[in-house]
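For reference, the structure discussed in these notes is given below.
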Number of protein chains: 2
Amino acid sequence: MRADAQRNRARVLEVAAEVFASEGLSVPVHEIARRAGVGTGTVSRHFPTKEDLFAAVLLDRMRELCDRADALTFFAFFATLVREAAANRGLAEALSGAGFDVEAAAAQAGHDVSARLRALLASAQESGEVRPDVTYADVKALMAGCLAADLADPAALDRLVAVVTAGLRRS
Amino acid sequence: MRADAQRNRARVLEVAAEVFASEGLSVPVHEIARRAGVGTGTVSRHFPTKEDLFAAVLLDRMRELCDRADALTFFAFFATLVREAAANRGLAEALSGAGFDVEAAAAQAGHDVSARLRALLASAQESGEVRPDVTYADVKALMAGCLAADLADPAALDRLVAVVTAGLRRS
DNA sequence: TGATAAACGGGATGACCGTCCCGTATATTC
DNA sequence: GAATATACGGGACGGTCATCCCGTTTATCA
């Protein structure tokens, strides 16, 4: 790959990460190109579709989250994921089912956050910490609920995580 | 109002209710007109914007929900709202903050479901049934979480409501 | 340094949709 | 049964975007 192509690709990725995180997935690709100081052709050559671009942006975060998962309990990982997504509007939108398939992208890249969460859930249920009837899909839904928190209230996220955590514990 | 205009208005409203409920808010207005057997002009004359149409559709449901609220506890009303929205994709999308402002529409129409829910929450907190720190916005977020349930799993909704209910109770 | 392949930019293209307009049709009224 | 206001249909318009294309530029390497 030519040196300028490599630079441009990195620059686009960097800008896209910022923009998706702060403004969500509805930002036009043209706008990302503009802010990166490149043409739209350059973006779509490196990332043929917008979803490809988002998947590439997600990769780094996914890798890091997966690494962290190994040292955490189910509840701690849940809280970590919620906090991560709350600080990243694009990720929150994607998790809330708005078009993009996050899980497929992550799994394909070999950093399957959902598999980690699934495993932690199973073991937390086996040890009796979590109600045995809840499913992985339930946990995802509750995560989406936490992400609907009022962003203007800095304590809201913590309250919601506390409520959901209490609800998930074996009663 | 001319008789045919009255008929058409009712027909459009009826079709829109079905379509929004089953396919969500992204259905084009043209499609609603087509299924109602009228031209798009007829729809937009009766309901100048798509949001006006959705607000009109919502009115009936809101009225009924408000009436029911008076006889229910906070937890029962919460479950009722979740079930109502789960059966109505358009309502679920609107509640999950996707563009349309449900609360404003309902309040304007004098059937303010959110005011009822707010009141029930306050009294449930006063009597000690619900954690005192949760806010109305928190409850709305948790409702959105329940609505993210896996629709293919008929028991999922009940599980999520149970988890959230347990979490909201004074611990 | 010159040839060549690779990459660039940004305008063109096509799709989708909400809203508006206007020539036509029809319900209502006298 | 004619006159008139009212409503109808559906095409036109304007705006938004993702994606593609192609004439131009530039990095690379001999």
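Quick note on labels: first sequence line is chain A, next is B, and so on, each numbered from 1.
For the segment residues 38-49 of chain B, the set of residues with a heavy atom within less than 4.0 Å of an atom of DNA chain C comprises Thr40(B), Gly41(B), Ser44(B), Pro48(B), Thr49(B), in numerical order.
Put simply, CZ on Arg7(B) is 14 Å from C1' on dA25(C), counting in whole angstrom units. Look at CZ on Arg34(A): it is 14 Å from P on dG11(C), rounded to the nearest Å. If you measure from atom CZ of Arg11(B) to atom C1' of dC8(D), you get 16 Å, rounded to the nearest angstrom. In this structure, Gln6(A) places its CD atom 9 Å from P of dT28(D), rounding to the nearest Å. Atom CZ of Phe54(B) is separated from atom P of dG18(C) by 14 Å (rounded to the nearest Å). Put simply, CG on Asp4(A) is 17 Å from P on dA5(C), counting in whole angstrom units. Atom CD of Glu51(A) and atom P of dC17(D) are 18 Å apart (whole Å). Rounded to whole Å, atom C1' of dG10(D) lies 15 Å from atom CD of Glu31(B).
Looking at heavy atoms from C-beta onward, Asp112(A) lies out of side-chain contact with Cys66(A) at the 4.5 angstrom threshold. Between Phe74(B) and Leu117(B), some side-chain heavy-atom pair lies under the 4.5 Å cut-off.
Comparing Val29(B) and Ala3(B) by the nucleotide of DNA chain C that holds the closest heavy atom to each, the one mapping nearer the 5' end is Val29(B). For the pair Pro28(B) and Arg2(B), both in contact range of DNA chain C, the more 5′-proximal nearest nucleotide belongs to Pro28(B).
Contact detail for Leu53(B) and Ala16(B): the closest heavy-atom pair is CD1-CB, 3.9 Å. In terms of heavy-atom proximity, Ala144(A) sits nearest to Ala148(B) at CB-CB, 4.2 Å. Closest non-hydrogen pair, Val134(A) versus Gln125(A), comes out as O-NE2, 2.8 Å.
A donor and an acceptor atom, one from each side chain of Glu129(A) and Ser127(A), are located under 3.5 Å apart.
Using a 4.0 Å cut-off, some side-chain N or O of Asn8(B) falls inside it from OP1 or OP2 of dC8(D).
No donor-acceptor contact under 3.5 Å links the side chain of His30(A) to the base of dT16(D).
Salt-bridge formation is not detected for the pair Glu23(B)/Arg89(B): no Lys NZ or Arg NE/NH1/NH2 atom is positioned less than 4.0 Å from an Asp or Glu carboxylate oxygen.
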